[in-house]
Amino acid sequence: MPGVSKFPTESDPDVKDTAPVTEQETSPLVRIRSLLPGLARAEQRVAKVVLDDPSSVARRSITEVALAAKTSETTVTRFCKAIGVGGYPQLRIALAADTARTEARSSRELGGDITAEDDLASVVSKVGFADARAVEETAEQLDIAELTRVTELVASAGRVDVYGVGASAFVAADLQQKMHRIGRVCFAWSDTHIMLTSAAVLGGGDVAVAISHSGATTDTVEALRVAKEHGATTVAITNFPRSPITSVADHVLTTAARETTFRSGATASRIAQLTVIDCLFIGVAQRHLDTAMAALDATRDAVEGHRLGIRPDGRRRATREQ
């Protein structure tokens, strides 16, 4: 599996770069949420205890946490190693630091789940909080070295094909539109058959980008696998760095969106993916600055005649001099 995060897991023999993790790099809660599906059941119970009340866990002993999770102290230690923090004392320190940062950002606790009893004002606050945190946490944990490598590959690719279904299809279409605006050859596909035929005609020098929040969407994983088999460089954008899609990706970029009741997390996941897409697009544009700026001007001029001659403040736009 390729390196995908600033949080290498000590128990993963395939991860060679195992530099110590510091709390400045990203939130431990982001890491726990991203690895949750791949943890053993007992470790998942520990994760739930931590995620439900991280500030409390930062003050509790390992025995208390083990009892709350209905497991053993050994399992708690295994959980700590699985998320890359070494041991329980290091986890407490990381959680305490993260809690302090969170309290500094907001005096209100808006990170809780949406309930049937919440009024609309609370729903708006919680959705807004989840969406904003998805962007912030995605940016905090994004592996800049990996993003740089992907940017260089996309910037030099003969062709870029982007795969995504459902909500991820909209993100794929956004990347295609952005790339076309700076004159890069890029196609977005969401139909399973077309994704597979697209992947089959890619080759060396091409890049296939697959977008999947869960990383387990069969159609998207299969398309990326076929692209890899035909020699294309493969990139996955997912929320879970150990999900199935990473096994067929040469490079992985991770998001950090929270899933909540009533699927407010679905919006957060798209916003997190769009954050990665924007960073990738700007990086590519920088590498072709002159042609990108010329293309942006040309495309802006092309649609200028399809806008009303009224500014957002109601005043008439000034006409360009010929």
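When a residue number appears, it is its place in the shown sequence, counting from 1.
Residues Ile182 and Phe281 form a side-chain contact, since some pair of their non-hydrogen atoms from C-beta on lies under 4.5 Å apart. Taking the side chain as every heavy atom from C-beta outward, Thr234 and Val248 never approach each other to under 4.5 Å. Side chains of Cys279 and Leu147 form a contact here, defined as non-hydrogen atoms less than 4.5 Å apart. Here the side chains of Arg300 and Asp297 are in contact, with some heavy-atom distance below 4.5 Å. Residues Ile237 and Val209 form a side-chain contact, since some pair of their non-hydrogen atoms from C-beta on lies under 4.5 Å apart. Looking only at side-chain heavy atoms (C-beta outward), Ser214 and Thr238 stay at 4.5 Å or farther from each other. Thr267 places none of its side-chain heavy atoms less than 4.5 Å from the side chain of Val127. Contact of the Val50 side chain with the Leu29 side chain is registered, since non-hydrogen atoms from C-beta on lie closer than 4.5 Å.
Both Val85 and Leu35 belong to a common hydrophobic cluster when Ile, Leu, Val, Met, Phe, Trp and Tyr are linked at side-chain heavy-atom distances under 4.5 angstrom. Hydrophobic clustering, with ILVMFWY side chains joined whenever heavy atoms are under 4.5 angstrom apart, keeps Val154 apart from Ile245. When hydrophobic clusters are built by joining Ile, Leu, Val, Met, Phe, Trp and Tyr residues whose side-chain heavy atoms come closer than 4.5 Å, directly or via intermediates, Leu224 is not grouped with Ile194. No continuous path of hydrophobic side-chain contacts links Leu202 to Val162 [ILVMFWY only; heavy atoms under 4.5 Å]. The hydrophobic clustering, which links ILVMFWY residues whose side-chain heavy atoms are closer than 4.5 Å, places Val165 and Leu274 apart.
Annotation for Glu146 and Arg149: closest pair OE1-NH2, 2.6 Å, computed over non-hydrogen atoms. Of all non-hydrogen atoms in Ala236 and Ala249, the two that sit nearest each other are CB-CB, 3.7 Å. Taking both residues in full, the closest heavy atoms of Gly183 and Ala295 are given as N-CB, 4.1 Å, listed atom of the first, atom of the second, then distance. The two residues Ala268 and Ala134 come nearest to each other via the heavy atoms O-CB, 3.7 Å. Across Ala272 and Thr138, no two heavy atoms sit closer than the pair CB-OG1, 3.3 Å. Between Thr99 and Pro54 the shortest heavy-atom distance is OG1-C, 4.3 Å.
Val185 meets the side-chain contact (heavy atoms from CB on, under 4.5 Å) test with Arg159, Phe187; sequence neighbours excluded. Residues meeting the side-chain hydrogen bond (donor to acceptor under 3.5 Å, both in side chains) test with Thr233, sequence neighbours left out: none. Residues satisfying the side-chain contact (heavy atoms from CB on, under 4.5 Å) test with Arg59, not counting sequence neighbours, are Ser55, Ser56. In this structure, the side-chain hydrogen bond (donor to acceptor under 3.5 Å, both in side chains) partners of Thr217, at least two apart in sequence or on a different chain, are Ser212. Looking at residues two or more places apart in sequence or on another chain, you find a side-chain contact (heavy atoms from CB on, under 4.5 Å) between Glu152 and Thr148, Arg287. Considering only residues two or more places apart in sequence or on other chains, Ile62 meets the side-chain contact (heavy atoms from CB on, under 4.5 Å) condition with Glu73, Val76, Thr77, Tyr88.
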(message) Please evaluate residues Val235 and Val207 with respect to the criterion side chain to side chain contact (heavy atoms under 4.5 Å, CB included), reporting the C-alpha separation (whole Å), side-chain torsions for both, the decisive distance (0.1 Å), and the verdict.
(response) CA-CA 7 Å; Val235 178; Val207 174; 4.1 Å; yes

(message) Show, in sequence, the C-alpha distance, side-chain angles and deciding distance for Phe79 and Leu91, and conclude whether the side chain to side chain contact (heavy atoms under 4.5 Å, CB included) test is met.
(response) CA-CA 10 Å; Phe79 163 78; Leu91 176 64; 4.0 Å; yes

(request) Mind running side chain to side chain contact (heavy atoms under 4.5 Å, CB included) on Ile277 and Ile211 for me, showing each step along the way? (result) CA-CA 10 Å; Ile277 292 302; Ile211 304 171; 4.2 Å; yes

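Using modelled atom types, one finds no donor on one side chain facing an acceptor on the other under 3.5 Å when comparing Ser34 with Arg31. The closest side-chain donor-acceptor pair between Ser198 and Tyr163 falls under 3.5 angstrom.
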Show every donor-acceptor pair shorter than 3.5 Å between a side-chain atom in residues 39-48 and any protein atom, with sequence neighbours excluded, or say none if there are none.
from  : atom 1 : to    : atom 2 : distance (Å)
Glu43 : OE1    : Ala40 : N      : 3.3
Gln44 : NE2    : Leu36 : O      : 2.9
Gln44 : NE2    : Leu39 : O      : 3.3
Arg45 : NE     : Ala69 : O      : 2.9
Arg45 : NH2    : Lys70 : O      : 3.1
Lys48 : NZ     : Asp52 : OD2    : 2.8

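Atoms CE and NE2, from Met195 and His193 in turn, are 10.0 Å apart once rounded to the nearest 0.5 Å. How far CG of Leu67 is from CD of Glu64: 8.0 Å, rounded to the nearest 0.5 Å. Here the straight-line distance linking atom CG of Leu253 with atom CG of Leu280 works out to 7.0 Å at 0.5 Å rounding. Here the CG-NZ distance, from Asp250 to Lys228, works out to 3.5 Å after rounding to the nearest 0.5 Å.
Taking Ile, Leu, Val, Met, Phe, Trp and Tyr as members and joining any whose side-chain heavy atoms lie under 4.5 Å apart, directly or through other members, the hydrophobic cluster of Ile271 also contains Val135.
Listed by first then second residue, pairs satisfying salt bridge (charged side-chain N to carboxylate O under 4.0 Å, His left out) with a partner in residues 174-199 read Asp174-Lys178, Lys178-Asp278, not counting sequence neighbours. Counting only residues at least two apart or in different chains, salt bridge (charged side-chain N to carboxylate O under 4.0 Å, His left out) contacts with residues 200-225 comprise Glu222-Arg225, Arg225-Glu229. Residues in residues 115-124 take part in these salt bridge (charged side-chain N to carboxylate O under 4.0 Å, His left out) pairs, two or more places apart or across chains: Asp118-Lys126. Within the structure, no pair that satisfies the salt bridge (charged side-chain N to carboxylate O under 4.0 Å, His left out) test touches residues 162-173, not counting sequence neighbours.
The closest donor-acceptor contact from the side chain of His230 to the backbone of Val226 lies under 3.5 Å. Of the possible donor and acceptor atoms, none in the side chain of Asp161 sits under 3.5 Å from a partner among the backbone N and O of Ala208. Between the Gln141 side chain and the Thr254 main chain, a donor and an acceptor come within less than 3.5 Å of each other. Distance alone, capped at 3.5 Å, is enough to place a donor-acceptor pair between the His180 side chain and the Cys186 backbone.
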